[in-house]
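Everything on this sheet refers to the single structure shown next.
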Amino acid sequence: MDGFLDDTCGGLTELRVHGVHGTPPQTTLHHPHPWRVAGDGVTGFYRRWWPEGRPAGGDADVPGVRRREAYAWGGLTSGGRALALWLPLLPFSLVNLAYFMLPRPPRGRWLRHLAEAVLRLFALLLTGTLVGAVTRASVDLFGWQCTAPGRACTLDGAPAFARWLAETQAGEPSRRLAVAALAPLLVVGLLWWLGRRTWRRDEQTVVPPGGGPHSPVLLARPRLWHGGAPVWRLRVVHVSFAAASVGLAVAGPFAATRAGLALTVANAAVQVAAAVLAVLPSIARRLDPHTGAAAPAWLTRSCQGLRAAAALTLAATGCAALAGLGPGAAGRQLPGVGAGAFQQALVLGLGLVLLVAVGALAVMDRPRGHDPVERRALGGLGAWVALMLAAGSANVLALGLLFSTADYLGEPAALAAPDPLPDTLFLEDTIWWRAALVPLFALGALAVAAVLWRAGRTGSARLAPRLAHYYGERNAPAVAAVWSCAALTDRAGLVLGVLTGVGVAGVAAVTAAGRLGLITPVGGLAGALSSAGSWALVAAAAGLVMVGRRAYRDGRLRRTVGILWDVATFWPRAVHPLAPPCYAERVVPELAARVGRLARTDQDQVIISGHSQGSVIAAALVLQLRPELRRRVALLTHGSPLRRLYAAFFPAWFGGEGLAAVRAAVPWHNLFRLSDPIGGPVFRRLDPIAVVSHGPVSDDPVDRHCWDPRRPALGEPLPEARRHSDYWLEPSYDAAFDRLVRIKAPA
């Protein structure tokens, strides 16, 4: 190969790990010609290649002495076209986040196990919610209502396929339902395929021996990144439950017949069996890959039996429906749709149980003293808030699909609407009530945004006079505005809590109104809100489809959307196996193996430089290294959300104990700016006014403040603030790096 490329491993290696947005290697290396030296196109290790030959200067790579290397992992979250299919799976990711937000006090073990079982059952119901929405849209609105004799799909202007089905199968509703069930079955198959594909690619990577199997620090346990077996078991449970829900929708209307009743009972039995398996603690238990421990054989056989039973029951249901099950029960809607009320009541009950359990765990886990690392976001109730956000986003997706389908096939209407027309498609009143909440929730979000804007203005006005002596009277207001805007991130927990409270209160109110029959969502203010909400949901569904299509074709948009998954999918699929995959289950083992290759002897050293989300990966990585390897490793983080986001929302993993373990494991420096809305100090809470007045002086050797924007020279304009980017270009970065270097380069 022409040019110069250092492919040696000895000496000093600066291993850079980028953050969100799928940062390309040339940006991470700050070099126009990266060359992959290990890995593949999805995740790879890159070094600088000089096409003109070996360079000179202190920054260049020197074989056997020093080099710069970048690890690019963005292909896991923003490189593949399958990213476009992940957008509707956000509720599943939020359930997994809720699991890792659970407080874990030593005295609350059994209460935590109860909360985890509730989370797994709630996750199963979320799968039922989204698959059930597709089933309702296809089997109920299309197969039962629209294609019935004299209804919308028999009229001129209806889609050709719908008219053909309505005309040829007018007297055989079971056949119409069997054909309509193909759409939700396709969704179930797609979920299974996505989950299996990413499971085989990512969750089969084993962490090299190291860490601490029995360490009190949860982040140091190798089993955290070894989820192949439990994710497989959970996937079997969820796919079987979803397939049985489709079979139940097809067989339920014909339960008055002997065959229909048998199939209804069989599908319901599959769902009950799946729910029972979901609440078992052993179903999701992760085992240390280096101890040789295995899951109980009966559990594996149970999952295999459930999978076979679900497939056989579904096949029998489809065959019987195509053969004809009779006229079925009469009704405007698909008989059995009212069973959704039971699921809704179950969801509300589980949410209440989890609120009580998480509240009790949070009280037990209340930190002592005023250590900023130990401060809990949302008072320790983050798991419950994440679960409510998951339920809310799932309902928005489900309602958007139902209203979009009804609007496409005919005219959506409430059951209370009088004198139904042929093109009317009915949705029960509870759906219209939830739609009425959308404009009210939007108004609440606008009010919260206004409060945040006011808080930013107030903080900027208080800070500007203090900055005048450093930046000058002319520049101080602009810098103060940047710093105050960045500080609003610390209010994220409060904002989420308020919005969640508004949503839960609204759902409780409309549920009570609907059950008690106090008012119907037809006419008046209630009708106007319901109609406005239905149109907003249709627009949201259309927007989601447009974003998905563009993300499939546009790589830049995929990287932008991938930011969401960079943050949400760091954590493993602990309770929901159909969520977008956890990239850390591949990234952490690959980095551990690479560090072991680069630091084979005591004459070698690796300085892991992690930016933003890369700092979170790096912190998890060092605790997985063998003790003798840690002595050859140092850590340099910048723009790190470890304290502001991870310690606040995931205290059991990144709280004081976890971060102290990282500090004790390796030498560590952390660079931060007060203009950065994401990163911040790790071991102290910094007051901007105190920094301006006294300087960022601290006894802690880890955190180091970087002034941003740079102080202009006399007569120069104020430089642009770098905020969260380009820490690698800071002069303080080189100074911190030099302090971490332990080995001396040969003369």
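All values below come from the heavy atoms of this structure, side chains included, with hydrogens, waters and symmetry mates left out.
- Contacts of V356 classified as side-chain contact (heavy atoms from CB on, under 4.5 Å), with partners at least two apart in sequence or in another chain: none.
- Within the structure, no pair that satisfies the ring-ring contact (aromatic ring centres under 6.0 Å, His included) test touches residues 258-278, not counting sequence neighbours.
- Among residue pairs with one or both ends in residues 304-315, none qualify as side-chain hydrogen bond (donor to acceptor under 3.5 Å, both in side chains); sequence neighbours excluded.
- The side-chain heavy atoms of I283 and C303, taken from C-beta on, include a pair separated by under 4.5 Å.
- F161 meets the side-chain contact (heavy atoms from CB on, under 4.5 Å) test with F142, W164, V179; sequence neighbours excluded.
- Legend: side-chain hydrogen bond (donor to acceptor under 3.5 Å, both in side chains) pairs involving residues 258-268, not counting sequence neighbours, sorted by first then second residue: N267-T317.
- Within the structure, no pair that satisfies the side-chain hydrogen bond (donor to acceptor under 3.5 Å, both in side chains) test touches residues 403-415, not counting sequence neighbours.
- When the ring-ring contact (aromatic ring centres under 6.0 Å, His included) test is applied to F122, no partner is found at least two apart in sequence or on another chain.
- With sequence neighbours excluded, the residues that form a side-chain contact (heavy atoms from CB on, under 4.5 Å) with A133 are A398, L401.
- Enclosure of atom CH2 in W298 by more than 12 non-hydrogen atoms of other residues, nucleotides or ligands within 6.0 angstrom is indicated.
- With sequence neighbours excluded, the residues satisfying side-chain contact (heavy atoms from CB on, under 4.5 Å) with A273 are L306.
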Open item on the list: Walk me through whether F92 and W571 qualify under ring-ring contact (aromatic ring centres under 6.0 Å, His included).
Closed with: CA-CA 12 Å; F92 300 166; W571 296 105; over 10 Å; no
Indicate every side-chain donor-acceptor pair of residues 237-256 with a distance under 3.5 Å to a residue at least two apart or in another chain.
unit_1 : atom_1 : unit_2 : atom_2 : d
H238   : ND1    : T127   : OG1    : 2.8
S240   : OG     : V236   : O      : 2.8
S245   : OG     : A242   : O      : 2.5

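- Sorted by first then second residue, the side-chain hydrogen bond (donor to acceptor under 3.5 Å, both in side chains) pairs that include residues 389-401, not counting sequence neighbours, are N395-R434.
- Between the side chain of R176 and the main chain of G143, a donor-acceptor pair closer than 3.5 Å is present.
- In this structure, the side-chain hydrogen bond (donor to acceptor under 3.5 Å, both in side chains) partners of R112, at least two apart in sequence or on a different chain, are E116.
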